[in-house]
There are 2 protein chains.
Amino acid sequence: MLENIQELIDQYIDLSFSVHRKGESLIRDQIGSDLTNDQHYILRYISQAKSCTSSELAEEFDVKKSAITAIINRMWEKGLVERTRDEKDRRVVYLTLTDKGNQLYVDCEERIYKLVESFIKKFDPKEIKQFLETYKKLNQILIESKDYKVEE
Amino acid sequence: MLENIQELIDQYIDLSFSVHRKGESLIRDQIGSDLTNDQHYILRYISQAKSCTSSELAEEFDVKKSAITAIINRMWEKGLVERTRDEKDRRVVYLTLTDKGNQLYVDCEERIYKLVESFIKKFDPKEIKQFLETYKKLNQILIESKDYKVEE
DNA sequence: CGTTAATAGTTAACTAGTTGAATAATTAAT
DNA sequence: ATTAATTATTCAACTAGTTAACTATTAACG
């Protein structure tokens with residue numbers, strides 16, 4: 001049985017807030033000012049998926065489709081993404097990166113890798129692997145309890 | 001030496017994004033619709049500090065003071081926080097929670113505790129402690145490298 | 001077949017959070 | 001006493017999110 005469960009929870013909430021905030025801030029500084037963090041994550045997702053739809057992004061990022069439309073519009077204005085209609089099902093629009101988008105992604109990743117690499121060196125490899133294992137488990141639990149409600 | 005350092009970094013980025021997004025979403029559902037996540041964190045901070053200033057919040061949350069002013073304005077309109085001028089140094093404004101703010105905080109925390117508690121049960125206590133240790137270390141490194149720049 | 005559902009995406013109005021620049025009020029420095 | 005610096009605010013402009021209404025298209029099925 002855990003003692004001080006309340007303390008653990010407080011620690012986790014404070015840490016997760018702080019780490020996320022400071023991590024985002026570092027990445028923002030690192031990737032330069034022309035791309036917001038959200039746009040970077042979208043860039044990242046499309047790059048890895050090669051091609052995807054608005055619905056897919058909305059599902060993945062847990063936001064409404066209209067929010068995706070807005071963010072894609074801004075990235076489209078910057079010449080980073082392309083929209084192509086599916087000829088079979090003309091409701092569907094495929095999102096892909098332009099050459100400029102791809103290049104920007106590669107540049108960002110290189111910088112982020114250097115950044116995270118310099119941090120990773122400060123940890124024991126075993127410690128990192130254990131950390132990631134637990135993190136992965138936590139993520140899985142969060143996914144499974146998407147519509148979880150604590151009973152009153 | 002770590003093999004597949006690139007893969008580890010990718011894993012971490014994807015996980016931290018996903019966990020944060022889904023965690024925030026769960027907390028938002030849990031605390032009800034009248035408080036945004038950011039407002040909840042501010043509420044939390046002021047409650048624990050008893051009293052604080054805008055500058056302190058801006059420093060802690062890593063945003064400009066004008067952003068804090070805006071958030072505090074919205075919370076003030078909801079009757080959650082009070083502003084009191086320091087009589088010694090009349091530039092300073094102290095922020096404290098009203099009774100309503102305190103009550104809301106207590107209610108939110110109770111719900112969040114129940115939520116996190118139900119998740120914590122799914123982990124080995126030892127695993128949690130190790131996880132938090134590494135997380136704490138990561139946070140410390142992030143704090144220390146606030147203005148870190150990767151050399152080109 | 002034709003009408004009704006459902007799906008994919010967009011648009012518009014609104015709220016929240018953020019920055020940056022300008023400002024007001026006050027205190028510190030010399 | 002004048003100039004600096006500090007604390008907080010206001011304002012304009014922007015990103016990101018929601019809800020609701022809408023368009024266009026496809027699916028369902030009597």
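Note on naming: letters A, B, ... go to the chains in the order of the sequence lines (proteins, then strands), and numbering restarts at 1 for each one.
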Identified pairing partner of [N], criterion: Watson-Crick or G-U wobble below 3.5 Å:
N       : result
dA8(C)  : dT23(D)
dA13(D) : dT18(C)
dA28(D) : dT3(C)
dT3(D)  : dA28(C)

Margin query: Strictly below 4.0 Å, N to O, side chains only: are D89(B) and R91(B) in salt-bridge contact?
Written below: yes
Checklist line | Note: R21(A)-D38(B) ion pair, threshold 4.0 Å (strictly below) | finding: yes
Note to self: Syn or anti for dA5(C), given that syn means the glycosidic angle lies within 90° of 0?
What the structure shows: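 Chi for dA5(C) falls in the syn range.
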Next item on the list: Identify whether the glycosidic angle of dA4(D) places it syn (within 90° of 0) or anti.
Entry: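 Classified syn.
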Notebook entry, point to check: Can you check whether Y41(B) and F61(B) have ring centres sitting under 6.0 Å from each other?
Noted result: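 No.
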Item checked: Within the 6.0 Å centroid threshold, strictly below: F123(B) and F131(B) ->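 No, they do not, as the ring centres are separated by 6.0 Å or more.
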Report the distance from atom [atom1] of [X] to atom [atom2] of [N], rounded to the nearest whole Å.
X      : N       : atom1 : atom2 : value
Y94(B) : dT26(C) : OH    : P     : 16 Å
L80(A) : dT15(D) : CG    : P     : 13 Å
I31(A) : dT15(D) : CD1   : C1'   : 14 Å
N37(B) : dA16(C) : CG    : C1'   : 12 Å
D86(A) : dT7(C)  : CG    : C1'   : 13 Å
K88(A) : dT7(C)  : NZ    : C1'   : 19 Å
E56(A) : dT7(C)  : CD    : C1'   : 15 Å
L35(A) : dT15(D) : CG    : C1'   : 12 Å

Next item on the list: Please determine which of L80(B), I31(B), L43(B) meets the side chain to side chain contact (heavy atoms under 4.5 Å, CB included) test together with Y105(B).
Entry: L43(B)
Next item on the list: Applying side chain to side chain contact (heavy atoms under 4.5 Å, CB included) between I112(B) and each of I27(B), L26(B), D107(B), report the one that passes.
Entry: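 Only one of I27(B), L26(B), D107(B) forms a side chain to side chain contact (heavy atoms under 4.5 Å, CB included) with I112(B), namely I27(B).
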Margin query: Side-chain heavy atoms nearer than 4.5 Å, only ILVMFWY residues, links allowed to pass through others: does that put V92(A) and L95(A) together?
Written below: no
How is [X] classified with respect to the nucleic acid when contacts are heavy atoms under 4.0 Å: base, sugar-phosphate, or nothing?
X      : answer
S55(A) : sugar-phosphate
T69(B) : base
R85(A) : nothing

Notebook entry, point to check: If each of L95(B) and Q39(A) is mapped to the nucleotide of DNA chain D with the nearest heavy atom, which maps nearer the 5' terminus, i.e. the 5' end?
Noted result: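 Upstream on the strand: L95(B).
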Item checked: Residue mapping more 5' on DNA chain C - nearest nucleotide basis, T53(A) or E87(B) ->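 Its nucleotide being nearer the 5' end, the pick is T53(A).
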Next item on the list: Would you mind building the protein contact string for nucleotides 17-24 of chain D? One character per nucleotide, 5' to 3', B for base within reach (heavy atoms under 4.0 Å), S for sugar-phosphate only, - for untouched.
Entry: SBB-----
Margin query: With heavy-atom distances below 4.5 Å as the criterion, would you say the side chains of I128(A) and L8(B) are in contact?
Written below: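 I128(A) reaches L8(B) side chain to side chain.
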